[in-house]
Every structure is written in structure tokens, then in C-alpha cells.
Amino acid sequence: MTLNALLDIELAVPNPAELMEFWERHGMQRTASNVLGTVDRPTQMTLREAPYRHLASMHLGCSEEKDLSDIAGRLREAGLEVTVAGTTLTCVDPVFGHRVVIDVTDPHPLTPGQARPFNAPGQRTRVDTRADAVLHTDPRPPRRIGHVVLGTPHTAKAVDFYVNLLGYRVSDSILNGLATFMRVESDHHNLMIQPGPTSYLNHYAVEVDDIDAVGLAGRAVVSERDDASVVGVGRHNLGANVFWYLRDPSGNMFEFFSDMDQILDDEVWARDFCKMDWEGADGPAGFSVWGPKDPPGVFFNPPDITAIAAGRVADGLD
Ligand SMILES: [Fe+2]
């Protein structure tokens with residue numbers, strides 16, 4: 001049970017060249033003909049063409065070869081096909097249909113971002129100069145892909161696959177188990193499974209340095225397409241990340257985020273935080289602690305959801 005990294009993802013979209021150019025304009029680097037990376041991580045998103053947009057592959061890391069054989073054993077016991085070649089395991093997600101590839105690898109460290117000096121009552125850390133975000137309005141570049149959120153009518157089966165078979169660790173669960181935040185790293189979530197009208201990619205999330213980076217990066221996207229914003233800026237309750245959700249040229253929702261909760265000690269987290277009554281008398285924890293109170297309807301039902309459902313049927317997926 002020692003998955004240790006979300007390494008990268010593959011997206012299939014009708015217009016990969018347009019999506020490639022979009023992210024090149026917004027701070028990612030083309031590191032191969034169909035691959036986007038960041039300064040620290042040369043492979044973060046691989047793009048390929050498909051009739052409808054979907055997650056095509058999720059690439060994970062684990063600590064040692066024994067982890068691969070343990071995972072392979074659990075998958076086979078559950079009746080799933082799995083291939084192990086050297087230090088790489090490959091299988092197919094039984095709900096969404098994308099490939100899951102797991103490599104034995106060390107987690108890839110990130111170079112710390114340069115902290116901006118903030119002033120606060122009784123604490124003057126920036127004097128006689130304007131704020132960094134005022135002086136440097138070009139957005140800081142994306143640092144990595146931090147998580148994906150998947151919607152599906154088959155939440156229980158999906159959670160079982162990721163938690164019980166692959167070994168994702170649960171950080172929070174709401175809606176009486178219908179929505180589950182889970183991780184393979186210290187981030188509060190590298191994956192969330194939530195209800196959806198069909199099995200689809202709800203969003204992928206791009207980590208940036210801080211709240212100013214979220215704001216500046218989001219504004220740069222909106223300045224190109226003023227209808228690109230879906231919801232933001234705000235701070236989530238669960239994960240605590242600052243968020244701004246936007247739509248890329250392929251119709252995928254993506255999130256610029258920063259400052260997510262980090263979990264190193266499962267026992268402390270489970271004892272002190274998981275037990276918090278997120279279902280609550282007033283319903284489950286809200287979408288945000290500040291910022292927009294609720295997301296718009298398209299957050300859960302994107303405009304192309306019918307095309308995605310039809311594409312899945314054509315591919316023999318339900
Ligand atoms: Fe997110």
C-alpha cells in the first residue's frame with residue numbers, strides 16, 4: 001500500500017494541438033511533440049486525439065517492486081487483467097476505462113517557490129516597496145499536475161478500485177461516502193471520486209505557487225476568453241486549497257490551486273480532522289470557506305456531458 005506519486009496524466013481530446021498551444025501560452029513547456037511539462041517535471045500531460053475528451057491514462061509511482069506485486073495480486077484476485085513488465089504495472093480502470101500505469105520510482109521533488117513578502121498587523125515584512133504581485137504581473141508558471149477529479153454514477157466501484165486494490169489513502173469522505181478525497185502523496189487529494197451523470201473527467205488541477213499566482217494565472221486565461229472562468233477565486237473547506245476553476249480550449253475544466261492541506265501522519269489526521277462532522281446538521285461541508293458559496297450547475301454537468309456519454313457508448317463503455 002505504498003503508492004507514492006501522481007507522476008503525470010494523459011488527456012485525449014479532439015484538438016490536442018490547440019490544447020498544447022494553450023498551455024504553452026500559460027507557462028508549461030512542450031518537452032516532446034505531444035508532451036507538456038514544467039521546470040521540475042518534464043512530463044506532466046501527454047495529449048492525444050480522440051473524438052471526445054477524456055482521461056486516457058493516469059501514471060503513478062510506488063516505492064518498491066514488492067508494491068507492484070502486491071497491487072498486481074489484489075487486481076488479479078478481483079478478476080482484473082494486469083501486466084507487470086520489469087518495474088512497470090499496467091491495468092485498466094474498470095469504471096472509467098483509462099489506463100493506470102504504475103512505475104517503481106522515487107517521488108519527484110519540487111524546487112520551493114520564492115516566497116513573496118506579505119505584510120500583516122504587527123508584522124512588516126515588506127517595506128518601502130510595492131507588493132511582488134504588483135511589480136511582477138506576469139503569472140508564475142504552473143508547477144505540476146496535483147490531482148484529478150472524476151465523476152461517475154459508479155462511485156462505490158471506483159472507490160473500491162482506487163482504495164482497496166491500488167492503495168490510495170482516504171483523506172476525507174462526504175455525502176455518506178458518495179464523494180471521496182484520496183491521495184498517494186502528502187497532498188490532501190491527488191484524486192477525488194464524486195457522483196456524475198456519466199463517468200468523466202470533472203477537472204485536472206494545476207498547482208501554482210500561491211494565492212497571487214492563482215489570481216494572476218486565472219486572469220491571464222480570462223483575458224484570452226472572458227467566458228473561460230467557471231468558478232473562483234475561493235478557498236475550499238476540504239483540502240483547504242485556494243482555487244480558481246476555468247475551462248481549457250478542449251472543454252476540460254481545470255483548476256489553478258495553491259496551499260493545499262498536507263497529510264504526513266495518518267493517525268493525527270484521522271484522529272483530529274477526519275472525524276470532524278463534515279456531514280453536519282446543515283449538510284456536508286460547503287464548497288468553500290470563502291469565495292463563491294456554491295459552484296454553478298456546469299461544474300457537475302459540463303456542457304459536453306452528452307457527447308462524452310455518447311463517446312463512451314461508442315467505445316463500449318457504460
Ligand atoms: Fe480540484
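Order of appearance sets the numbers: ligands from 1, and atoms from 1 within every ligand.
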### Task
Report yes or no: does H203 have an N/O/S atom closer than 2.8 Å to the Fe ion (ligand 1)?
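Yes.
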
### Message
If only side-chain N and O atoms count, and only distance matters, is there a donor-acceptor pair under 3.5 Å linking N241 with E255?
### Response
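Side chains of E255 and N241: pair found under 3.5 Å.
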
### Query
Around atom CG of D227, are there more than 12 heavy atoms of other residues, nucleotides or ligands at under 6.0 Å?
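For D227, atom CG is crowded (more than 12 foreign heavy atoms under 6.0 Å).
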
### Query
Parallel, tilted or perpendicular for W23 and H26, by the 30°/60° rule?
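It falls in the perpendicular class, over 60°.
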
### Query
Which of parallel (below 30°), tilted (30 to 60°) and perpendicular (above 60°) describes Y204 and F254?
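If you compare the ring of Y204 with that of F254, the planes turn out parallel.
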
### Query
Hey, which N, O or S atom on H147 ends up closest to the Fe ion (ligand 1)?
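Closest to the Fe ion (ligand 1) among those atoms: NE2.
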
### Task
Measuring from the Fe ion (ligand 1), name the closest N, O or S atom belonging to E255.
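This turns out to be OE1.
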
